[in-house]
Amino acid sequence: MLIRKAKITEGYEIETLVKICAEESGMMMIDAVDAHQAISKTVLNPNNHVYVALMDNEIVGVILGTKGAIFSNLHNMEVSMCVSSKWSRMGIGYMLMEHFLLEHGWLNVYAEVVSDNEPIIQLLLRHNYKLVCSIPKFVNTRRGFRDKMIFTYNG
């Protein structure tokens with residue numbers, strides 16, 4: 001497996017993967033709303049840091065860091081991730097997060113997760129993220145309203 005920065009020309013392929021992830025499961029941090037907001041444009045944005053995981057030249061996972069855009073939050077970066085269901089539970093998400101934190105862990109990295117997304121919560125905890133707060137019944141999913149959990153990375 002290879003992990004590298006996404007190329008501008010891969011925006012459409014990344015967007016396709018994220019839309020599939022959003023429709024298939026809750027096993028990700030990017031939700032269906034984010035998936036339909038032109039992720040291909042995200043790759044071009046200088047405030048975003050996008051990395052892909054490749055297996056046999058196919059993008060099987062993506063991690064996205066969105067840096068704050070105004071002076072007061074330039075040191076903050078929200079992280080989102082998606083791994084193809086065909087490749088889930090093979091350590092790809094773990095390796096993507098590891099790579100991302102090596103590059104950007106010095107920033108105030110945080111993640112927002114739906115409360116019943118246990119695999120991602122466990123992934124975050126294994127990478128030394130700490131739960132900051134939980135907002136009850138904040139996220140409307142296909143399974144009903146769920147709590148939104150906010151985690152920060154603590155190096």
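Please read these numbers as outputs of a predicted model, since none were measured by experiment.
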**Student:** Looking only at non-hydrogen atoms, find the nearest pair between Phe145 and Lys137 and report the distance.
**Tutor:** CD2-O, 3.6 Å
**Student:** Give, for atom NE2 of His99 and atom CE of Met1, the distance between the pair rounded to the nearest 0.5 Å.
**Tutor:**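 Answer for the NE2-CE pair, His99 versus Met1, is 10.0 Å.
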**Student:** Nearest 0.5 Å, what's the CG-CG distance between Asp56 and Leu2?
**Tutor:** 11.5 Å
**Student:** Mind listing the closest non-hydrogen atom pair of Ile14 and Ala6 along with its distance?
**Tutor:** CD1-CB, 3.6 Å
**Student:** Got a second to check how far Trp106's CH2 is from Met77's CE, nearest 0.5 Å?
**Tutor:** 7.0 Å
**Student:** Which atom pair, heavy atoms only, marks the closest approach of Lys86 to Glu58?
**Tutor:** NZ-OE2, 3.6 Å
**Student:** Nearest 0.5 Å, please: how far is CD in Glu103 from NE2 in His49?
**Tutor:**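 Between atom NE2 of His49 and atom CD of Glu103 there are 9.5 Å.
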**Student:** On the 0 to 90° scale, with breaks at 30° and 60°, tag the Phe100-Tyr51 ring pair as parallel, tilted or perpendicular.
**Tutor:**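 Plane angle over 60°, so perpendicular.
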**Student:** Could you report the tightest heavy-atom contact between Asn48 and Lys67, atom names first, then the distance?
**Tutor:** OD1-N, 4.4 Å
**Student:** What's the shortest heavy-atom distance between Ser115 and Met149, and which atoms?
**Tutor:**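 Closest approach of Ser115 to Met149: CA-SD, 3.5 Å.
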**Student:** Taking Met81 as the fixed residue, which of Leu124, Val62, Ile120 is the one that meets the side chain to side chain contact (heavy atoms under 4.5 Å, CB included) rule?
**Tutor:**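 That would be Ile120.
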**Student:** Per the side chain to side chain contact (heavy atoms under 4.5 Å, CB included) rule, which among Val132, Asn128, Leu125, Val109 passes with Phe151?
**Tutor:**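 Considering Val132, Asn128, Leu125, Val109, a side chain to side chain contact (heavy atoms under 4.5 Å, CB included) with Phe151 is found only for Leu125.
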**Student:** Is there a donor-acceptor contact under 3.5 Å from the side chain of Glu13 to the main chain of Glu10?
**Tutor:** no
